[in-house]
Amino acid sequence: MDIRVDDLTGAQVIGLIAEHLQGMADDSPPESIHALNLDGLKAWEEDELLGCGAIKELDKEHAELKSMRTAKDHKRKGVARNILAHIIEEAINRGYKRISLETGSTDSFIPARKLYENFGFTYCEPFADYIPDGNSTFMTKEL
């Protein structure tokens, strides 16, 4: 698995982001979808896109994890775990002291929440410009 910073212009990247946004739309009302579109990191295996994720700087010490997604044909292969480890390492390298995220609160997001818990994220109140939302769960990790 090769994790690369990319310009997000390829058809595979655009397709995976569209799949990600559709997945969000399937499980969350529009006002509760906080996914980014084409900014971030992607994971590749040779020429096949396996997943994506992004970092958004909130301030010099705080980053947000955005748009984590594994391509449907590559679920349960450790893609998300590898992308998340890479993003956390990148956040540390950039000097952030904390990384936070917003994810869904419904049962379909249990695997994502378990992954974040396994990486040391804890539940928190809304951060940055987020407001309380029954469809959102907020988590954070000190780096």
Side-chain angles (χ1 to χ4, degrees), residues 1-28 30-131 133 135-143:
M1 184 182 306
D2 176 32
I3 298 176
R4 320 173 195 158
V5 174
D6 191 89
D7 67 3
L8 308 164
T9 59
Q12 290 184 66
V13 174
I14 292 168
L16 182 60
I17 296 300
E19 179 184 319
H20 176 58
L21 294 172
Q22 183 59 53
M24 298 296 98
D26 291 346
D27 292 326
S28 304
E31 66 275 8
S32 296
I33 298 173
H34 306 289
L36 293 177
N37 44 32
L38 290 175
D39 296 322
L41 299 167
K42 291 129 327 278
W44 296 81
E45 192 167 77
E46 296 182 8
D47 291 332
E48 188 170 0
L49 181 64
L50 306 180
C52 66
I55 297 174
K56 176 183 176 184
E57 182 174 293
L58 299 174
D59 62 43
K60 296 293 183 200
E61 294 188 350
H62 190 191
E64 181 179 2
L65 173 66
K66 298 292 289 187
S67 298
M68 283 280 300
R69 184 67 174 200
T70 300
K72 63 184 172 197
D73 292 338
H74 297 286
K75 292 185 184 270
R76 314 276 184 269
K77 295 180 180 179
V79 173
R81 178 171 296 283
N82 282 306
I83 292 172
L84 184 55
H86 180 82
I87 288 174
I88 290 170
E89 182 180 323
E90 181 65 23
I92 291 167
N93 290 341
R94 291 183 185 187
Y96 298 123
K97 305 277 189 251
R98 182 165 62 119
I99 187 167
S100 300
L101 63 91
E102 178 276 337
T103 191
S105 62
T106 61
D107 288 351
S108 63
F109 291 93
I110 289 173
R113 293 192 305 266
K114 293 278 187 203
L115 173 68
Y116 301 135
E117 289 171 3
N118 289 339
F119 271 80
F121 283 83
T122 58
Y123 294 91
C124 64
E125 295 298 315
F127 58 92
D129 295 331
Y130 289 106
I131 59 172
D133 178 347
N135 293 295
S136 292
T137 299
F138 302 96
M139 302 178 82
T140 195
K141 174 182 176 63
E142 299 293 325
L143 300 175

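Taking the side chain as every heavy atom from C-beta outward, Leu84 and Leu65 approach each other to under 4.5 Å. Using a 4.5 Å heavy-atom threshold, the side chains of Ile88 and Phe119 count as touching. With a 4.5 Å cut-off on side-chain heavy atoms, Ile99 and Ile87 count as touching. Here the side chains of Asn118 and Arg81 are in contact, with some heavy-atom distance below 4.5 Å. Taking 4.5 Å as the limit, some side-chain heavy atom of Tyr96 sits within range of a side-chain heavy atom of Glu57.
Ile55 and Ala63 get closest at one heavy-atom pair: CG2-CB, 3.7 Å. Listed here is the closest heavy atom pair of Ser136 and Glu102: OG-OE2, 2.8 Å. Heavy atoms only, all atoms of each residue included: Phe109 and Ser105 are closest at CD1-N, 4.2 Å. Closest of all the heavy-atom pairs between Gly51 and Ile83 is C-CD1, 3.5 Å. Taking all atoms of both residues into account, the shortest heavy-atom contact from Ala128 to Leu58 is CB-CD2, 4.0 Å. Contact detail for Leu49 and His74: the closest heavy-atom pair is O-CD2, 4.1 Å.
More than 12 heavy atoms of other residues, nucleotides or ligands lie within 6.0 Å of CG in Asn93, so this atom counts as buried by the packing criterion. Lys97 NZ: 12 or fewer foreign heavy atoms inside a 6.0 Å radius.
With values rounded to the nearest 0.5 angstrom, Glu64 atom CD is found 11.0 Å from Arg98 atom CZ.
The aromatic rings of Phe138 and Phe127 sit perpendicular, their planes meeting at an angle over 60°, well past the 30° parallel limit.
At distances below 3.5 Å, not a single donor-acceptor pair connects side-chain atoms of Arg113 with backbone N or O atoms of Asp107.
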